[in-house]
Amino acid sequence: MKVYLDNGATTKVSDTVLEAMLPYFKEEYGNPSSIHQKGFDAKKSYNQSKRLIAKLLHCDKDEIHFTSCGTEASNWAIKGMAYKHPSKTEIITTKIEHHATLHTVQFLEARGYTIHYLDVDETGFVKLEQLKAAINENTLLVSIIYANNEIGTLQDLKQIEHICHQQNTILHIDAVQATCHVPLNLHAMNVDLLSISGHKFHAPKGIGILYIKNGIAIENLIHGGQQENKRRSGTENMPYIIGLTQALKEGMNELIHYQDKLNKLSRYFLEQLDHANIEYRLNGPSIGHNRLPGNINISFKNCTNTNITYYLNKAEIYVSTGSACDSESIEPSHVLKNISVPEEYINGSIRFSLGIDTTKEDVDYVTDTLISIVQKLSANR
Ligand SMILES: Cc1ncc(COP(=O)(O)O)c(C=O)c1O
């Protein structure tokens with residue numbers, strides 16, 4: 001039995017998404033900028049996609065900009081603002097961002113920007129009073145991860161948005177993990193910039209979105225043709241745009257159903273460990289309480305996660321030791337360090353990310369295997 005519980009790293013392209021994409025490789029392959037029927041057809045599909053995405057995300061069609069991935073979207077949000085507003089030289093972010101944000105602000109830090117890295121509490125929530133205190137007239141923007149990719153903390157965006165806009169500060173949200181897991185009503189959320197990545201919700205890798213609220217002045221990063229409202233050049237990646245649109249439609253329509261399913265399966269997962277008296281620590285908020293559905297990040301006392309994942313992999317169970325991009329590092333993750341995971345637990349952390357295809361049988365197989373691995377490793381200590 002093979003079980004993939006690494007949906008936080010990436011997801012499988014769904015059959016219906018692939019089916020929707022296929023005609024755009026060999027039949028509907030026109031360039032939306034072309035001035036003939038193939039081009040008109042492509043342009044029509046492109047506009048239909050944008051209209052549907054705008055409806056699903058509750059925003060205007062022209063606020064949606066396709067990018068190559070979530071990383072590009074966040075780079076654009078942060079560097080694009082920096083290049084457009086050079087007099088503002090302070091950025092506020094958190095200590096538990098994904099590297100797409102952390103390394104981007106560090107790039108600017110090396111060029112003279114002051115970066116305020118907000119602390120988080122022991123379950124990963126931003127300290128709001130620190131945010132309030134850090135904002136000043138030099139603040140370029142606040143950039144915050146909505147759903148943490150490692151520990152699943154879902155920030156209180158209402159409060160964050162309120163604090164930012166009370167002080168006229170631009171807010172960028174990294175919603176890469178949150179999309180299709182929690183409702184995204186962009187106009188109600190009142191954020192200024194927001195990053196999305198298709199491969200986290202069953203679209204292919206290589207397509208993302210930067211939402212730019214109407215009226216936000218931002219510099220372009222990619223120059224060339226006139227695509228994406230003259231803001232991001234490059235011939236539109238039509239098959240992937242169609243795939244992302246279909247995946248977003250399916251994900252948003254099924255959101256409540258999957259939230260419920262994933263929370264139930266996650267609780268069941270932890271119950272199995274409890275029944276076997278396994279000593280573990282759930283990193284991040286409790287299941288169902290401002291936690292990304294499907295994310296289970298647990299640490300085992302005095303165990304090394306690489307040992308556990310080695311045996312899980314041998315049993316054809318695929319998980320992660322944190323953020324996929326971090327897996328080559330032997331340092332404990334910056335996220336776990338910043339939520340003060342105790343010393344005896346910090347090297348034994350594993351992220352199981354359940355997905356829409358995960359079944360109870362999968363969880364039974366994984367927990368049975370995991371329990372025997374942890375018991376064996378503990379006995380050998
Ligand atoms: C929270 C978060 N932000 C940004 C990214 C980067 O997205 P992409 O892989 O599309 O570049 C990821 C990917 O893991 C992520 O989890």
Side-chain angles (χ1 to χ4, degrees), residues 4-13 17 64-79 93-107 120 124-126 142-155 157 160 171-182 184 191 193-211 221-222 232 234 237 240-241 243-244 247-248 251 283-284 290-297 318-329 333-336 338-339 351-355:
Y4 182 82
L5 293 189
D6 202 12
N7 290 280
T10 197
T11 59
K12 179 168 81 174
V13 172
V17 166
I64 299 295
H65 303 81
F66 294 116
T67 63
S68 63
C69 58
T71 301
E72 186 197 323
S74 293
N75 267 262
W76 185 8
I78 297 167
K79 290 181 193 156
T93 188
T94 79
K95 290 185 176 169
I96 60 162
E97 295 300 306
H98 187 273
H99 284 144
T101 296
L102 276 185
H103 288 170
T104 304
V105 297
Q106 282 163 10
F107 168 86
V120 294
F125 290 100
V126 169
V142 172
S143 182
I144 290 187
I145 186 167
Y146 187 3
N148 187 272
N149 49 302
E150 293 191 38
I151 55 169
T153 311
L154 283 170
Q155 299 296 337
L157 281 197
I160 290 171
L171 175 60
H172 165 243
I173 294 298
D174 172 352
V176 166
Q177 293 284 339
T179 311
C180 293
H181 282 91
V182 290
L184 287 182
V191 298
L193 300 154
L194 182 135
S195 304
I196 286 177
S197 174
H199 75 99
K200 306 294 185 181
F201 53 91
H202 304 280
K205 294 156 201 60
I207 182 85
I209 288 176
L210 180 65
Y211 160 81
L221 292 195
I222 299 188
R232 196 266 186 190
N237 186 349
Y240 285 52
I241 288 171
L244 182 143
L248 192 67
N283 301 311
N290 295 317
R291 185 181 188 111
L292 182 65
N295 170 296
I296 308 174
N297 185 315
Y318 308 124
V319 302
S320 131
T321 52
S323 149
C325 329
D326 245 4
S327 58
E328 281 175 19
S329 151
S333 96
H334 65 287
V335 175
L336 296 181
N338 279 296
I339 60 164
R351 181 188 69 180
F352 299 86
S353 37
L354 284 51

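Counting starts at 1 for both ligands and their atoms, in listed order. Predicted, not measured: the structure shown is a model, and the values here were computed from it. We number each residue from 1, following the sequence as shown.
- Heavy atoms of Lys200 approach ligand 1 to within less than 4.0 angstrom.
- Ligand 1 lies within reach of His199, whose nearest heavy atom is under 4.0 Å from it.
- If you check the side chains of Asn295 and Ser353, you find no donor sitting under 3.5 Å from an acceptor.
- For a threshold of 3.5 Å applied to N or O pairs, the pair formed by Ala147 and ligand 1 contains no separation below that value.
- Numbered from 1 in the order shown, with element, the atoms of ligand 1 that lie under 4.0 Å from a heavy atom of Ile145 read 1 (C).
- In summary, the atoms of ligand 1 found under 4.0 Å from a heavy atom of Thr71, numbered by their order in the structure, are 6 (C), 7 (O), 8 (P), 11 (O).
- Side-chain N/O atoms of Ser74 and Ser195 include a donor and acceptor closer than 3.5 Å.
- Residue contacts with ligand 1, taken as heavy atom pairs separated by less than 4.0 Å, do not involve Thr101 at all.
- Heavy-atom proximity to atom 2 (C) of ligand 1, evaluated over Asn149, Asp174, Ile96, is greatest for Asp174.
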**Q.** Stepwise side-chain contact (heavy atoms from CB on, under 4.5 Å) check, Asn283 with Ile339
**A.** CA-CA 8 Å; Asn283 301 311; Ile339 60 164; 4.1 Å; yes
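- Residue Ser197 has at least one heavy-atom neighbour below 4.0 Å for each of these atoms of ligand 1: 8 (P), 10 (O).
- In this model, no donor atom of one side chain and acceptor atom of the other lie less than 3.5 Å apart for Thr10 and Lys200.
- Between Tyr4 and Tyr318, the ring planes are tilted. Angles from 30° to 60° get that label.
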Q: Report the C-alpha separation of Arg351 and Val319 in whole Å, then their side-chain angles, then the decisive distance to 0.1 Å, and conclude whether the side-chain contact (heavy atoms from CB on, under 4.5 Å) test is met.
A: CA-CA 6 Å; Arg351 181 188 69 180; Val319 302; over 6 Å; no
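- No part of Glu72 comes within 4.0 Å of ligand 1, judged by heavy-atom distances.
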Q: Go through the steps to decide whether Arg232 and Ser68 satisfy the test side-chain contact (heavy atoms from CB on, under 4.5 Å), and finish with yes or no.
A: CA-CA 10 Å; Arg232 196 266 186 190; Ser68 63; 3.7 Å; yes
